[in-house]
Structure formats: C-alpha cells, structure tokens
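What follows is a short report on a single structure.
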Amino acid sequence: MPPDLRAEFEELVSNAVDVLPLADFADKLVRSRRENRPLRIKYGADPSAPDIHLGHSVPIRKLKQFQDHGHQVVFIIGDYTARIGDPSGKNAARPRLTKAEVDANARTYLEQIFKILDRDKTEVVYNSSWLEKMDVSATIELMSRYTVSQMLEREDFHSRFDSEVPIYIHEFIYPLLQGYDSIAVRADLELGGTDQKFNLLVGRELQRSEGQEPQCIMTMPLLVGLDGANKMSKSLGNYIGISESARDMFGKAMSIPDEIMWTYFELAAGASAAEVESLRADLESGRRHPRDLKDELARRLVTLYHDAEAARRESADFRARFSAREFPEETAERVEVALADAPTLGRLLTHLGAVKSAREAQRLTEQGGVKVFSEPEPALLGNHPQEDRAGLVRIALQPGTYRLKIGKTRFVTVTVLASDPG
RNA sequence: GGAGGGGUGGCCGAGUGGCUAAUGGCAGCAGACUGUAAAUCUGCCGCGCGUCGCGCUACGGAGGUUCGAAUCCUCCCCCCUCCA
C-alpha cells in the first residue's frame with residue numbers, strides 16, 4: 001500500500017469500533033485506487049423521528065470523510081423500512097409510522113444531513129423504490145435465506161425472547177430488508193452505529209448469497225447522551241439536535257458531565273486524538289478550568305452547526321445568565337401580548353406556552369419559578385416570600401413591560417399592551 | 001384448540017369494596033447549592049375554577065351489582081407461558 005493510501009486508510013478507520021473484515025476493507029481501498037473506481041459507501045437512516053442529533057452525526061461525519069477522499073456516499077432514506085420500525089437496541093416493538101409521517105420526516109432529514117455532507121456528492125435513494133416492488137414470493141424467497149435461530153442470535157431479540165417480551169414476525173423481516181438494500185445499491189461498505197452490527201452483517205450475507213461481492217462493515221461508537229449514562233436518543237430526550245438553536249445547543253453541551261466531554265470533542269466536534277490529549281493535560285495540570293474546556297466544546301459545536309459569531313454570543317450569554325445571574329438583555333425573547341390575552345400572571349404563562357395548564361402555572365409560581373427583574377413593579381409579582389406566593393397566578397397584570405425569568409432557562413421581555421397589538 | 005397467568009397515571013410497578021387522584025421507583029418541573037441546564041438536598045408532579053376549598057376525568061373496553069368499585073359479576077379485546 002502506498003504511503004498516501006496508507007494515510008487514507010488510517011484516517012478512515014480511526015474512531016471506528018469495528019471494521020470487518022479489516023483486510024478486505026484494505027483490499028477494497030487498494031483496488032479502488034488501482035481501478036480508479038470510488039467505493040460505494042452505504043448508510044441507511046430511517047426517518048422515524050424528524051430530528052438528527054449529534055449521535056447520528058458520528059457516522060455521518062465519517063461519511064463526510066469518505067466523501068472527502070473521493071468515495072461515493074449512498075444515503076438510503078429508509079422510507080419503507082421506517083414503516084416497519086427497526087427493533088435494534090430496543091426492548092419493545094417500535095410504533096410503525098404512516099407514509100405521510102415518513103415522507104415529512106424524510107424531507108427534514110435531508111435538510112439536516114446536508115449540514116454535514118456535500119449535497120452534490122451524495123447519492124440519495126429511497127428504499128421504497130425497490131422494496132415496494134417486492135411481491136410476496138420474492139419476500140418469502142428472501143426470508144428463506146435466514147433462520148429463526150440466526151435471528152435470535154441478535155442480543156436484543158434473544159433478551160426480549162428470554163424475558164418474554166413479544167417479538168413480532170415483521171421485526172424479523174427488518175434486518176432482511178435492510179440487508180436487501182445492500183444488494184440494491186451494490187454497497188462496498190456499510191456504515192452504522194455499533195447497535196447496527198447485526199443488521200450490517202445480514203447485508204453482507206445476503207449479498208454473498210446473491211452472488212455479489214460482500215460489503216465490509218464499519219461500526220461507529222454510539223455517542224453517550226447528555227445524561228452521561230445512556231446512548232444519545234430522541235426518545236430518552238438526552239440529545240442535542242443538529243438543527244437546534246445555538247442557545248439550546250450551547251446550554252445542553254454545558255450540561256453534560258465533565259467526564260464525557262472528551263468523547264464529545266472527538267466524536268462530535270471533530271477534535272483529533274492528539275488535541276483531546278492536550279486538552280486533557282490542560283485540565284489535569286490545572287491550567288484550564290473544566291468550565292472553560294466545556295465552554296470551548298460548546299463553542300465548537302455551535303460553530304459547526306451555526307457560526308463562530310453565534311458561538312461567541314451564546315458563550316457570553318451563558319455566562320451572564322448562569323454565572324453572573326443577570327438578565328440577558330440582548331438575547332432575551334421579546335413578546336407583546338394584549339392585556340385581554342393575559343389578564344393575570346397565570347394566563348400570561350399559559351399564553352406564552354411556558355406551562356401546559358393552569359395548574360402548572362399555579363405550581364410554577366408557588367415554587368418561585370417566576371422572577372421579575374425590573375419595572376414596572378417588582379413587588380407586583382414574583383420575588384415574594386414563600387408564604388405570599390399562593391395567590392400569585394391570579395394577580396392582575398397592568399400594561400407595561402416586564403422582564404421575566406420563567407423557570408430555569410427562559411428569559412422573556414414581555415410587553416403587555418392595553419389594547420390589541422394590531 | 002386446551003390449561004394457567006396478566007392488562008393500573010409518560011414508563012416500571014404496588015394496591016382485592018370506602019382511609020385511593022390512587023404506595024414506591026424512574027423520567028419531568030421548581031427551589032437551594034454549584035463553574036454548570038452536572039452532582040446533591042428539598043419540594044412539586046391529572047384537568048378546571050377568584051387561593052386551605054369545590055367540581056370533573058382516570059386504573060384494557062362495554063355493561064351490571066352496591067349508598068359506595070381500580071378492587072365483586074357478565075360479555076368482549078389484547079399480551080405472556082406451557083401443551084397441541
């Protein structure tokens with residue numbers, strides 16, 4: 001292998017958990033170079049939830065690396081398989097989605113992945129375009145290539161089986177269809193999270209039985225979520241979406257436990273292993289405060305998905321709000337409401353969408369979750385001693401401008417107008 | 001098809017006639033504290049109403065018994081186990 005190809009190989013396998021079989025992958029790279037034929041890199045995503053988060057960004061950033069080396073990324077929108085629901089890593093069947101839901105999600109998916117991938121160099125295909133055409137006999141033929149016990153080898157299936165959680169037949173079909181995708185796009189390599197290992201290998205087997213050269217598989221680590229314990233996922237709510245506002249992205253990044261920030265630096269923010277080492281050394285030697293390191297991480301992430309200016313602004317804002325406990329004048333939301341819509345503090349909170357119900361408004365104010373920073377009359381509401389808070393929700397508002405802190409993170413400048421704003 | 005077990009609030013899971021809007025855990029929210037939206041501690045955690053109060057809705061579904069049912073009865077639906 002020539003040195004520059006060696007370097008490409010090293011870069012491509014960096015951060016990967018598994019590359020199987022590794023020798024085959026090296027061989028594919030060599031042949032690709034010799035025949036001047038880019039490798040076809042398959043990545044499939046089921047548009048089952050509309051948000052792509054930093055966890056997804058790990059393999060997608062890896063795809064970008066392949067792209068930068070001139071390989072062909074084949075991005076499969078699993079619009080058909082999303083209607084089945086991938087059981088990977090789940091202890092229960094997923095709800096199946098309707099075609100309309102899937103289509104809507106698919107559109108937002110593409111918008112988001114092109115924040116990372118090069119749109120012009122990405123082949124986007126929908127697996128409905130071949131799966132929809134499969135009739136029953138073709139499906140049965142596909143099913144005849146795998147056995148029940150082969151399926152039960154998969155950890156999440158056998159643990160569900162052992163603990164008597166139902167497994168539906170259609171869930172067994174899922175890996176087969178995903179594998180069939182590999183045949184359809186003639187993949188040389190398929191990328192996925194470590195939880196996808198089984199499915200990726202099924203693709204390999206099916207290609208072989210179809211007479212195609214089997215794909216290699218590459219698995220990327222699952223990014224741990226904001227809680228520092230579970231994998232990042234939409235359903236656990238421990239994620240940072242790549243389309244989130246700079247504000248939320250920054251704040252959420254600051255909330256992660258210190259120990260996991262190195263992983264984030266490397267997998268989500270694109271820092272090299274050497275860089276992470278030196279940041280770590282800075283922390284251990286006490287040269288840099290952990291908050292500043294995390295601040296740097298947060299700024300890098302915001303820069304990646306927004307821009308450097310937004311990163312700077314949010315960093316300053318975060319300091320004002322949480323470290324100095326000031327009202328963040330320039331970045332606070334500004335809202336105008338008619339007095340008729342918000343005759344009382346409770347109504348205002350509901351109107352702003354800060355709370356879901358009147359009872360919640362009641363609790364929030366009673367617990368001191370609403371503070372007033374300024375005129376017209378701080379004594380009018382909030383900042384009351386606990387005993388006086390009971391009736392706060394019902395306090396009548398006067399026209400004027402209020403600077404409010406609602407809950408832990410929301411700052412709003414509300415102008416209450418005597419008449420309708422229009 | 002047969003036998004047995006089970007369906008409780010976002011999730012897990014107590015509860016077998018009134019003391020149950022329903023123990024407990026998780027998640028969530030708020031307060032204190034903190035470099036932090038972390039950890040920890042404390043409180044809250046169905047909905048509506050001019051506050052401690054009143055009303056409404058709720059324990060798979062539909063009926064029924066009872067002054068009163070998540071708890072008893074009937075039918076139905078669904079899940080799990082074993083046997084075929």
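Chain naming here is simple, since letters A, B, ... match the order of the sequence lines and numbering starts at 1 in each.
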Once you apply a heavy-atom cut-off of 4.0 Å, does A:R288 come out as touching a base, just sugar-phosphate, or nothing?
nothing
Report the residues that fulfil ring-ring contact (aromatic ring centres under 6.0 Å, His included) with A:F322, sequence neighbours left out, ordered by chain and then residue number.
A:F318
Please list, by residue number, the residues of residues 296-307 of chain A whose heavy atoms come closer than 4.0 Å to an atom of RNA chain B; answer none if no residue qualifies.
none
What pairs with A:S14 under side chain to side chain contact (heavy atoms under 4.5 Å, CB included), at least two apart in sequence or on another chain?
A:K62
Start with the C-alpha distance between A:F327 and A:F411, add both sets of side-chain angles, then the distance that settles ring-ring contact (aromatic ring centres under 6.0 Å, His included), and finish with yes or no.
CA-CA 7 Å; A:F327 189 82; A:F411 291 84; 5.7 Å; yes
Below 30° counts as parallel, above 60° as perpendicular, anything between as tilted: where do the rings of A:F75 and A:Y43 land?
tilted
Does the structure show a Watson-Crick or G-U wobble partner for B:rG31, both distances under 3.5 Å? Name it, or say none.
B:rC41
Integer angstrom distance from the C1' of B:rU65 to that of B:rG18:
16 Å
Derivation of the side-chain hydrogen bond (donor to acceptor under 3.5 Å, both in side chains) call for A:E333 and A:T413
CA-CA 6 Å; A:E333 287 170 72; A:T413 302; over 6 Å; no
Using the C1' atoms only, state how far B:rU36 lies from B:rG43, rounded to an integer number of Å.
22 Å
With a 3.5 Å limit on both atom pairs, tell me what B:rG4 is paired to, counting Watson-Crick and G-U wobble, or say none.
B:rC80
Output the rounded distance in Å from CG (A:D317) to P (B:rU36).
14 Å
B:rU51 pairs with which nucleotide, Watson-Crick or G-U wobble, both distances below 3.5 Å?
none
Between B:rA27 and B:rG15, how far apart are the two C1' atoms, rounded to whole Å?
22 Å
Suppose you measure atom C1' in B:rU16 against the same atom in B:rA69; what distance do you get, rounded to whole Å?
10 Å
Should the pair A:Y239 and A:H53 be assigned to parallel (<30°), tilted (30 to 60°) or perpendicular (>60°) ring geometry?
tilted
A:D295 CG - B:rA38 P separation (whole Å):
17 Å
Measure CZ/A:R394 against C1'/B:rG48 and give the value in whole Å, please.
13 Å
Give none if B:rA22 has no partner; otherwise give the nucleotide forming a Watson-Crick or G-U wobble pair with it, both distances under 3.5 Å.
none
Please report the distance separating the C1' of B:rU23 from the corresponding atom of B:rA14, rounded so that it comes out in whole Å.
6 Å
Return each pair, listed once, that meets side chain to side chain donor-acceptor pair (under 3.5 Å) where at least one residue sits in residues 132-142 of chain A; pairs must be two or more places apart or across chains.
A:D135-A:S137, A:E141-A:R145
P atoms of B:rA70 and B:rC56, separation to the nearest Å
14 Å
Quick one: look up who B:rC56 pairs with, Watson-Crick or G-U, both distances under 3.5 Å, and put none if it's unpaired.
B:rG46
Roughly, in whole Å, what's the span from CD in A:Q362 to P in B:rG43?
19 Å
Applying the 3.5 Å cut-off to both distances, the Watson-Crick or G-U partner of B:rU16 turns out to be none
Interatomic distance at C1', B:rC12 relative to B:rG64, whole Å:
33 Å
Does A:T344 have a side-chain nitrogen or oxygen under 4.0 Å from the phosphate oxygens OP1 or OP2 of B:rG50?
no
For A:E8, does its backbone N or O pair with a side-chain atom of A:E11 as donor and acceptor, under 3.5 Å?
no
Return the value, rounded to whole Å, for the distance between atom CG of A:L283 and atom C1' of B:rU36.
14 Å
Upstream residue (5' side of RNA chain B) when A:K356 and A:D248 are each assigned their closest nucleotide:
A:D248
Nucleotide paired to B:rC75 in any strand shown, Watson-Crick or G-U, under 3.5 Å:
B:rG61
Quick one: list whatever passes ring-ring contact (aromatic ring centres under 6.0 Å, His included) with A:Y146, sequence neighbours left out.
none
For nucleotides 25-35 of chain B, give me one character per nucleotide, 5' to 3': B if any protein heavy atom sits under 4.0 Å from the base, S if the only such contacts are to the sugar-phosphate, - if neither.
-----SS--BB
I want to know whether A:F157 and A:F172 have ring centres closer than 6.0 Å.
yes
Please report the distance separating the C1' of B:rC67 from the corresponding atom of B:rG48, rounded so that it comes out in whole Å.
28 Å
Separation of atom CZ in A:R359 from atom P in B:rG9, rounded to whole Å:
20 Å
Side chain to side chain donor-acceptor pair (under 3.5 Å) with A:S182: which of A:R204, A:E210, A:Q207, A:Q215?
A:Q215
